[in-house]
Amino acid sequence: VAATLPRLDCPVVGPGDPRYDALRRVWNARVDVRPAAIAQVRGPADVQDALRWARERDVPVSVRGTGHHVAGLGVREGGLAIDLSGLASVHVDPVRRTARAGPGATWGDVDRATQAAGLAVTGGRISCVGIAGLTLGGGYGWLMRRCGLTIDSLLAADVVTADGERARASADEHPDLFWGLCGGGGNFGAVTSFEYRLHPVGPLVTAGAVFYDQEHLPAVLRGFRALMAGAPDELGALCNVVRLPPAPFVPPGLRGRPAVAIAVCHSGSEEAAARELAVLGDVAPPLLERIGAMPYVRAQRLFDAAGRGGSFVHGAAGQLASLDDAVVAAVEEHAARLPSPESIVMISAMGGAVARVPQDATAFSHRDSAFAYAVDAVWTDPAEGERHLAWAGALAADLEPFSTGVYVNELGPGGDVARAYAPATLERLRAIKRRYDPGNVFDANHNVAPAHAARAATAP
Ligand SMILES: Cc1cc2nc3c(=O)[nH]c(=O)nc-3n(C[C@H](O)[C@H](O)[C@H](O)COP(=O)(O)OP(=O)(O)OC[C@H]3O[C@@H](n4cnc5c(N)ncnc54)[C@H](O)[C@@H]3O)c2cc1C
């Protein structure tokens, strides 16, 4: 534990500072840890200084983006948190169709800047989530079936590695490091800048959701499965088990009602969207239809209420090869007992461009999944934790036999990385870790242990 605060060029905040509590907080209130110090870095040189200071004193470090990981990995007890949230600039080159963004930028920042040029990159479906952790794990979003995962559009990253050096990683420079950054999480260094390839999108897309009474859940999930079996790449979609929120778009009489929703973002023409989404009126009688043409930037904000944070969250997740009737039955079994209005079961459709990238092109291991599920129990009264954990645990246990692995950005605290990566991928990540971080300085993450010397020699 650091006895004194580091003296760096950038602001350093420690316990006792009035800003400390706000800065140590992460999205999931269950993570209540007290770093020894938080360095509010302003550029790569500050990151190098912070890292050097910590290494000379054996102080453990963590690297923090916007703190949205459900496991709260960006801060650690007694460590030095390198807080990158101040590096939030976004520069778009509309001619080259690229964007360069700092690791503290949110998807809202990136979407606003890129859409000004009619361009976009696959980003998180909540605008306040940070780009860094999301990109380094892979990156799911409304556009992924059309443009691939976020990493499929990553062109380069600037990194401060464990030895305190700066490196640029791309397909041509440090290609092994670049491969590891594309899905391997924050294991290989602190990324100080991301460069993305952009795609023409919008500015108008067709987005929103159709809500059905929860008694129709099996029919809606089967309808969702049929919809996605023939869907164009332009259609991104989720099927969520929810309670209708107390939001202005919900008539007062329906608020709080157990429901199942198909949420969509169709980035093709309005006519194509109308044609391809017409079926949503037939899968079951809709309670509420809220789908229409809107700017992509607004579509990206539709579910922002979930991003605010400050609640206690227990998440469980998995990848699915298919949405079998047995999965539908497991979800139905637990849906009626959704433990709070904020709790959710989310099934997202993968496929399309995600599946067309070869498995070994990046470190992301779930290209062949047709769907991914996430079960989130969300509560605000600490005394209610047990009930929520029991519900999420029971549903997760029933879904687990169907899971083919877990997306690293949804892996809970203490989660096993062997569930996030295929064996060959993990072996390759361990060899890269040995090369760039043999002492495992960057271990506040879902950690890839450095390969042993003999094994590293045989790895690519
Ligand atoms: C409300 C909500 C919605 C979400 N929606 C999506 C979604 O649509 N699609 C999706 O794919 N995921 C989604 N996620 C999951 C998201 O990908 C992860 O929470 C991700 O970790 C968030 O990034 P962050 O920068 O806030 O990471 P943090 O929580 O700050 O850190 C997470 C990990 O990344 C590492 N890290 C962060 N920044 C850097 C950096 N610059 N260099 C090196 N390592 C770094 C940290 O050390 C830590 O190990 C969502 C999460 C929430 C809470």
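Any value given below was found using the heavy atoms of this structure, including those in side chains, with hydrogens, waters and symmetry copies removed. Bear in mind the structure is a predicted one, so any value in this text is a computation, not a measurement. For ligands, and for the atoms within them, numbers begin at 1 and follow the listed sequence.
The ring of F442 has its center no closer than 6.0 angstrom to the ring center of F188.
Residues S62 and R76 bring no donor and acceptor atom of their side chains to less than 3.5 Å of each other. At a cut-off of 3.5 Å, with distance as the only test, a side-chain donor of N187 or N447 sits close to an acceptor on the other residue. Between the side chains of S340 and R243, no donor-acceptor pair of N or O atoms lies under 3.5 Å. Residues D176 and Y436 have side chains that bring a donor and an acceptor to within less than 3.5 angstrom of each other.
Contact residues for ligand 1 (protein heavy atom closer than 4.0 angstrom to any ligand atom): W27, V63, R64, G65, T66, G67, H68, H69, L73, L84, P103, G124, R125, I126, V129, G130, A132, G133, L134, L136, G139, Y140, G186, G189, A190, V191, A306, G307, Y407, N409, A444, N445.
Both tests hold for R125 against W142: distance to the six-membered ring centre under 6.0 Å, angle to the ring axis within 45°.
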